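This report refers to the structure that appears directly beneath it.
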Amino acid sequence: MLESLYTTAKRLDAQHWPFQEEFYLPEHGQVYLDGNSLGLLSKRAEEAVYHVMNNWKTYAIDGWTEGSEPWFYLASRLAGHAAPLIGAQQKETVITGSITANLHQLLATFYQPEGKRKKIVMEAGAFPTDSYVTDSWLKSAADKVEVAPREDRLLHEEDIEARLSDQTALVLLPSVLYRTGQRLDMKRLTEAAHAAGAVIGWDLAHSFGVMPHDLHDEGADFAVWCTYKYANGGPGATGGLFVHERHHQRHPALAGWFGSEQTKQFDMNTSFEPAADASAFQMGTPNILSMAPLLGSLQMLEEAGIDVIRSRSLELTAMLREGISFLQETDRRLQLLTPAACGGHLACSHPDAARIVKALKAEGVVPDFRAPDIIRLAPSPLYTRAADVTKALETLERILTHRTYEQYENNRGVIA
């Protein structure tokens, strides 16, 4: 292994970084590099869940308005923690639903085909839920314009811009591509969509909590995200949405009780009066127990500072990038897919990717696999040590050198 990696690891791990101590780390020295699928449990998140459970035990129905964290105002409270992470105003942000539910709400609201302006431009090979939701609202398959990656497996901004026209109604793109870890130029593409007369929405699933955003100033129309990856909110944790303040007069297409103006919600009027901000786009009763961990985890992200988190993330992924480049001398079939413009994870391709992932897990390193041939490695800035990165690279080197992966079948598990 390159000596420079050990020097970098020693320097990074010598820096004071208290947040790793707040997490329940895997036992037996396991290296966890799958935080872009599910982040680890923190003690703060655990404590927040116990606190909300205790309020339920203590106050019963009155927990909606009594106690230190009244549930009726929890979405707004959490929005206050989430807004700085995405460069938004609190009134533009709400913690609610899931990516799928929130995309349905926002596509139903913002996709307004009229005349020849009917097309939705999106990434070919987008994360399945984005495609499923889009297909649900299109009247014709011909109105779905998919921009494919080039031979380098990257999505080029100029190719997206070339598909925009006076027929484009809406653009839906990921901030970071889930397969390759490529980060798109959000400002450039937002400006291009608006110049074409379209609205643009962003899927922040692979960037929320690991890199800063500037949604308000860049003028994004809407965005959605999940909180169980880098935000460490737990499996199925409540997601979030952003709606720019210039759209707050829009009537939500999918009206629901908790989108009501809160001071009038319990008037039980059958005529919907939406809230005056992004909270209007909520629908059903908040999933309080799925929101509870976020009281701890979002507070930790805010305390660490998203710019500092991003800096640490880039240092860890730079180590991975250097190590993978070195390992290509061991096996030329290992190819790094992630460009310099990246999110929080790196992706490599290899013809035997699925069995390599199995071999890594057997030796105490947890990455993940994405079909057909991608190995994703995600060091989480809050809890991954630089020494974990070097250990993962050493393990991968040993597996490639001795071809120990050949004892496994080259197919994915039920969950890759």
Side-chain angles (χ1 to χ4, degrees), residues 22-24 38-86 88 90-106 204-205 208-209 224-243 252 254-268 272 274-275 277-303:
E22 302 215 29
F23 285 85
Y24 290 103
L38 178 67
L40 296 178
L41 173 64
S42 69
K43 296 170 187 175
R44 290 198 208 187
E46 180 183 46
E47 183 180 352
V49 172
Y50 286 141
H51 184 72
V52 169
M53 293 284 284
N54 189 61
N55 281 353
W56 178 18
K57 179 172 65 176
T58 303
Y59 297 103
I61 188 65
D62 288 335
W64 284 102
T65 54
E66 301 297 328
S68 58
E69 295 291 350
W71 309 329
F72 193 56
Y73 308 103
L74 188 55
S76 177
R77 167 73 185 276
L78 292 173
H81 292 303
L85 303 177
I86 57 172
Q90 181 172 342
K91 66 181 181 180
E92 297 173 314
T93 311
V94 65
I95 297 298
T96 185
S98 65
I99 277 190
T100 303
N102 292 339
L103 269 178
H104 272 297
Q105 168 70 287
L106 296 173
L204 311 180
F208 181 80
V224 296
W225 60 89
C226 56
T227 59
Y228 42 78
K229 300 180 189 294
Y230 298 106
N232 309 301
T238 304
L241 64 81
F242 160 90
V243 175
L254 306 178
W257 191 40
F258 260 80
S260 303
E261 168 59 45
Q262 281 191 316
T263 60
K264 300 180 180 180
Q265 183 171 341
F266 276 84
D267 290 346
M268 301 301 186
F272 179 57
D277 57 16
S279 61
F281 294 87
Q282 297 176 95
M283 291 182 281
T285 303
N287 300 310
I288 298 300
L289 296 183
S290 295
M291 298 168 75
L294 296 172
L295 285 166
S297 59
L298 292 184
Q299 180 192 59
M300 194 185 309
L301 289 173
E302 192 174 21
E303 183 179 317

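Quick caveat, the model's predicted, so the values are computed rather than measured. The first residue of the sequence shown is numbered 1, and numbering continues consecutively from there.
- Counting heavy atoms from C-beta outward, Pro286 and Thr238 have side chains that stay 4.5 Å or more apart.
- Looking at heavy atoms from C-beta onward, Trp71 lies out of side-chain contact with Met291 at the 4.5 angstrom threshold.
- Formation of a donor-acceptor pair under 3.5 Å by the Gln105 side chain with backbone atoms of Met283 is not found in this model.
- Panel note: side chain Thr58, backbone Asn54; a donor-acceptor pair is recorded below 3.5 Å.
- Between Pro274 and Phe281 the shortest side-chain heavy-atom distance does not fall below 4.5 Å.
- Residue Trp56 places its CH2 atom among 12 or fewer non-hydrogen atoms of other residues, nucleotides or ligands, all under 6.0 Å distant.
- Side-chain contact between Arg77 and Pro70 is absent, with no heavy-atom pair separated by less than 4.5 Å.
- Put simply, OG on Ser76 and NZ on Lys91 are 13.0 Å apart, with the number rounded to the nearest 0.5 Å.
- Ser260 places a side-chain N or O within donor-acceptor distance of the main-chain N or O of Trp257, the cut-off being under 3.5 Å.
- No side-chain heavy atom of Leu301 sits less than 4.5 Å from a side-chain heavy atom of Tyr230.
- If you take NE2 on His51 and CD on Glu69, they are separated by 5.5 Å, rounding to the nearest 0.5 Å.
- Closest non-hydrogen pair, Leu41 versus Glu46, comes out as CD1-N, 4.0 Å.
- Side chains of Phe208 and Ile86 form a contact here, defined as non-hydrogen atoms less than 4.5 Å apart.
- Environment of OH in Tyr50: sparse, with no more than 12 heavy atoms of neighbouring residues, nucleotides or ligands closer than 6.0 Å.
- When all heavy atoms of Pro84 and Gly80 are compared, the pair lying nearest together is CD-O, 3.2 Å.
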| message | Under the criterion side-chain contact (heavy atoms from CB on, under 4.5 Å), I'd like the reasoning laid out for Leu204 against Val224: C-alpha separation, chi angles, the key distance, then a yes or no. | response | CA-CA 6 Å; Leu204 311 180; Val224 296; over 6 Å; no
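- What you find for Thr93 and Ala79 is that their closest heavy atoms are O-CB, 3.2 Å.
- Closest non-hydrogen pair, Ala82 versus Trp225, comes out as CB-CZ2, 4.5 Å.
- Counting only distance, with no hydrogens or angles, the side chain of Asn102 and the backbone of Thr96 share a donor-acceptor pair below 3.5 Å.
- Without hydrogens or angle criteria, Ser297 side chain to Ala231 main chain gives a donor-acceptor distance under 3.5 Å.
- To the nearest 0.5 Å, atoms CE (Met300) and CG (Leu295) are separated by 12.0 Å.
- In this structure, Leu106 CG and Ile99 CD1 are separated by 11.5 Å, a value rounded to the nearest 0.5 Å.
- Using a 4.5 Å heavy-atom threshold, the side chains of Leu85 and Leu298 count as touching.
- You'll find the side chain of Phe23 stays beyond 4.5 Å of the side chain of Lys43, heavy atoms only.
- With rounding to the nearest 0.5 angstrom, the CG atom of Asp267 is 10.0 Å from the CD atom of Glu261.
- More than 12 heavy atoms of other shown residues, nucleotides or ligands fall within 6.0 angstrom of atom CD in Gln262.
- The shortest heavy-atom contact between Ala280 and Ala275 is CB-O, 3.4 Å.
- Closest approach of Gly39 and Asn232 over heavy atoms only: CA-OD1, 3.2 Å.
- Taking the six-membered ring wherever Trp is involved, the centroid distance between the rings of Phe266 and Trp64 does not fall below 6.0 Å.
- Only one option out of Val49, Leu74, Thr227 pairs with Leu294 in a side chain to side chain contact (heavy atoms under 4.5 Å, CB included); it is Thr227.
- Judged by distance alone, the side chain of Glu92 and the main-chain N or O of Phe242 form no donor-acceptor pair under 3.5 Å.
- Looking at His81 and Glu302, their side chains do bring a donor and an acceptor atom within 3.5 Å of each other.
- Without hydrogens or angle criteria, Glu66 side chain to Gly63 main chain gives no donor-acceptor distance under 3.5 Å.
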